[in-house]
2 protein chains.
Amino acid sequence: MSVSVKDVAARAGVSIGTVSNVMNRPDKVSASTVERVQRAIDELGFVRNDAARQLRAGRSMAIGLVILDVGNPFFTDLARGAEDKAAESGLSIILGNSDERAARETTYLELFEQQRVHGVLISPFGDITDRLHRLRDRGIPAVLVDRTSADVSFSSVSVDDVAGGSLAVEHLIDTGRHRIAFVGGPHAIRQVADRLEGARATVARHPGVTLEVIETAALSVIEGRAAGVAIRERSAAERPDAVFAANDLIAMGVLQALNMQGVLHVPHDIALIGYDDIDFASAAVVPMSSIRQPSAMIGGTAVEILLEEAADPTLAPRQIVFQPELVIRESTS
Amino acid sequence: MSVSVKDVAARAGVSIGTVSNVMNRPDKVSASTVERVQRAIDELGFVRNDAARQLRAGRSMAIGLVILDVGNPFFTDLARGAEDKAAESGLSIILGNSDERAARETTYLELFEQQRVHGVLISPFGDITDRLHRLRDRGIPAVLVDRTSADVSFSSVSVDDVAGGSLAVEHLIDTGRHRIAFVGGPHAIRQVADRLEGARATVARHPGVTLEVIETAALSVIEGRAAGVAIRERSAAERPDAVFAANDLIAMGVLQALNMQGVLHVPHDIALIGYDDIDFASAAVVPMSSIRQPSAMIGGTAVEILLEEAADPTLAPRQIVFQPELVIRESTS
DNA sequence: TCCGATTGTTAAAACGATTCAATTCCCTCA
DNA sequence: TGAGGGAATTGAATCGTTTTAACAATCGGA
């Protein structure tokens, strides 16, 4: 059925070892043989069997990447950064979407383990340190992305979310807001918790400013909209005068809800700032202020570290932390 | 280093064949043996080697999916639909982003061929019919997504883009517009060409209505913005009074540009309608009218067809065409 | 002419799981 | 009691590639 090196070797009148050499170390083979084998390959339409190569090599040329949400441009940008960097070394990325569900996260890690991937990049949701240790014991390194590791034995590439939370709230206070609401969740997600922590710390430094916390079940537009509706329906006295959303999707949902009846106006009645600075933030009903993260660079850097650790497993883990950046647009001015 | 069936067999005191049976046909093995082998597996932390399984099986349990742009929510929704459906049969999806570049598209197809994937779903960019035929000759079926195949020997799942184009322009004309501009490109992308064709046909049926075509280099927010700036800078007499964008990303870019100086107002000065109805469309500066496509269902249906063809290669190819739906929002009222 | 080095090529042994024909064991029934 | 049958298990072959040790051929130098 399928054509193998054996067929190529027969056709070219050489041994299968030589065919392999032509593909992997052409310099070890005489020019005339290379040419002959190459012609046989073309004529037969031979395509290497990756499974066989992997079996022999002991590991695959793919990197597993698990992200929290494919619907979030922040993560797709991150994935793109990772993909580009991986391609430079001839590796490919297998993308898994955990969708903020522990079961799916585990499923992907099992899959990657079975595939003997080159390494794993993960934006963790559940508690997976055991699994990551197991992977490492098997020679598969892991790097956490968008998250500093609680377990410092793993490298991580992240953004200082506490600083980002501060940056956002500081800005809201600077523009004269006093009653701030934080919208986002679940708090089990470290990024959310950190952003909230930054917000809390900053509020604490400013007497007279209050912080209300509205927890959502997920970081999605839908959840944001629900929270926004709840805010809109309050009396003016009970409403916050500013909302800090845990990410831009939540922020867009909140914005939609506030805007819906035309009675509340952003930023006049309520200022709004998001997080991630996805492309769509600047195109929103009211162009949204946000906290920018270097998403593609996070992905690229994570791949770099992963490859270094794959090459030398004794390397000490590193924690790379990028600084976020405030982007001011109409929603807070 | 790594623990294999052989180790498990030794530990459990059975042959490797039995270990394999425990994993694949437990009913063929006595309960006590199953239990003993299972314990050995757990104790040793055995994980199946996928490469070896694949090598033996002849093909992998993954489906390759090539999409035009991961940054476009339409495609990530489609991918999610495909992933969910594939998971039901224990298959996984390997996602490749061609980024509207023929070279990348080819690279992914080569990769999938080497991986002996179960099948390929592709939203084609370049001319790949030869490659797809080759894949099929090797027993790898392919289904085109979001695109009717010019080559009817392949199945496809798509949306009637000509009808969608008509729907959009019909609506613009209904709301009193006469000078319509179509923004999008490259025209080499079939979806773009079809939407334009639908637009043209509709305009032709309405005397007095003109259609101008502005071609962009890609279907991105950036490209849309550039086109929007060009429109904004024209004199009022030369400006169109409506824009039909080939997709929502382009539309959002156009919207940003028109909105920028605050001199032009959507929909008052220029009406705007996009295509795809991505989540962000309703959250735009001016909530955008759009043409909705059942993105997740396209992905799911494509996987279904693919699996059927993989099971029975003699099946006649089918062309599934969904109908698009007009969604009216502020940008055209 | 012979030796050692160099270059090109080969044959065979992995890698780890699956599968299938062959074997063992035990039970039942005539 | 012995033949026949079913269930459980085994052993060996197989998938397609890479790798390595061994071998052959060629050549320059002594």
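For the numbers below, each heavy atom of this structure counts, side chains included, while hydrogens, waters and symmetry mates do not. Residue numbers start from 1 in every chain, and the chains themselves are labelled A, B, ... in the order their sequence lines are given, proteins ahead of strands.
The residue A:Val5 sits close to a base: some heavy atom pair falls under 4.0 Å. Within 4.0 Å (heavy atoms only), B:Arg59 reaches no atom of the nucleic acid at all. Nucleic acid contact class of B:Ser20 (heavy atoms, under 4.0 Å, all strands): base. Within 4.0 Å of B:Val19, counting heavy atoms only, lies no atom of the nucleic acid at all. Using a 4.0 Å heavy-atom criterion, one finds that B:Asp50 contacts no nucleic acid atom at all.
Taking atom CG of A:Leu55 as the reference point, atom P of D:dT14 lies 17 Å away to the nearest angstrom. One can place CZ of B:Arg138 at 14 Å from C1' of D:dG16, the figure rounded to the nearest angstrom. Atom NZ in A:Lys28 sits roughly 12 Å away from atom P in C:dT6 (whole-Å rounding). In this structure, CZ of B:Arg48 is placed 10 Å from C1' of C:dT18, rounded to the nearest angstrom. For the pair A:Met23 CE and C:dT9 P, the computed distance is 15 Å after rounding to whole Å. Distance, B:Asn21 CG to C:dC20 P: 11 Å, rounded to whole Å.
Of the listed nucleotides (D:dG16, C:dA17, D:dT10), C:dA17 has the atom at the smallest distance from the side chain of B:Asn49.
Using a 4.0 Å cut-off, some side-chain N or O of B:Asn24 falls inside it from OP1 or OP2 of C:dT18. Side-chain N/O atoms of A:Thr18 include one lying less than 4.0 angstrom from OP1 or OP2 on C:dT10. Applying the 4.0 Å criterion to OP1 and OP2 of C:dT9, one finds that A:Thr33 has a side-chain N or O inside that range. For D:dC15, the OP1/OP2 oxygens have no side-chain nitrogen or oxygen of A:Ser4 closer than 4.0 Å. Between B:Arg25 and C:dT18, a side-chain N or O to OP1/OP2 separation shorter than 4.0 Å is absent.
The residue among A:Asp27 and A:Ile16 whose nearest nucleotide of DNA chain C lies closer to the 5′ end is A:Asp27.
Interface remark: the A:Arg53 side chain does not form any donor-acceptor pair with the D:dT17 base, using a distance-only criterion of under 3.5 Å. You won't find any donor-acceptor pair under 3.5 Å spanning the side chain of A:Arg56 and the base of D:dT17, going by distance alone.
Between the side chains of A:Asn49 and B:Gln114, not a single donor N or O lies within less than 3.5 Å of an accepting N or O.
Comment: B:Arg318 engages B:Glu308 in a salt bridge, judged by a side-chain N to carboxylate O separation of less than 4.0 angstrom. Between B:Asp137 and B:Arg131 there is no salt bridge, since no side-chain nitrogen of the basic residue lies less than 4.0 Å from a carboxylate oxygen of the acidic one. A:Arg101 and A:Glu105 are not joined by a salt bridge, as no carboxylate oxygen comes within less than 4.0 angstrom of a charged side-chain nitrogen.
Side-chain atoms of B:Gln319 do not come within 3.5 Å of backbone N or O of B:Val157 as any donor-acceptor pair.
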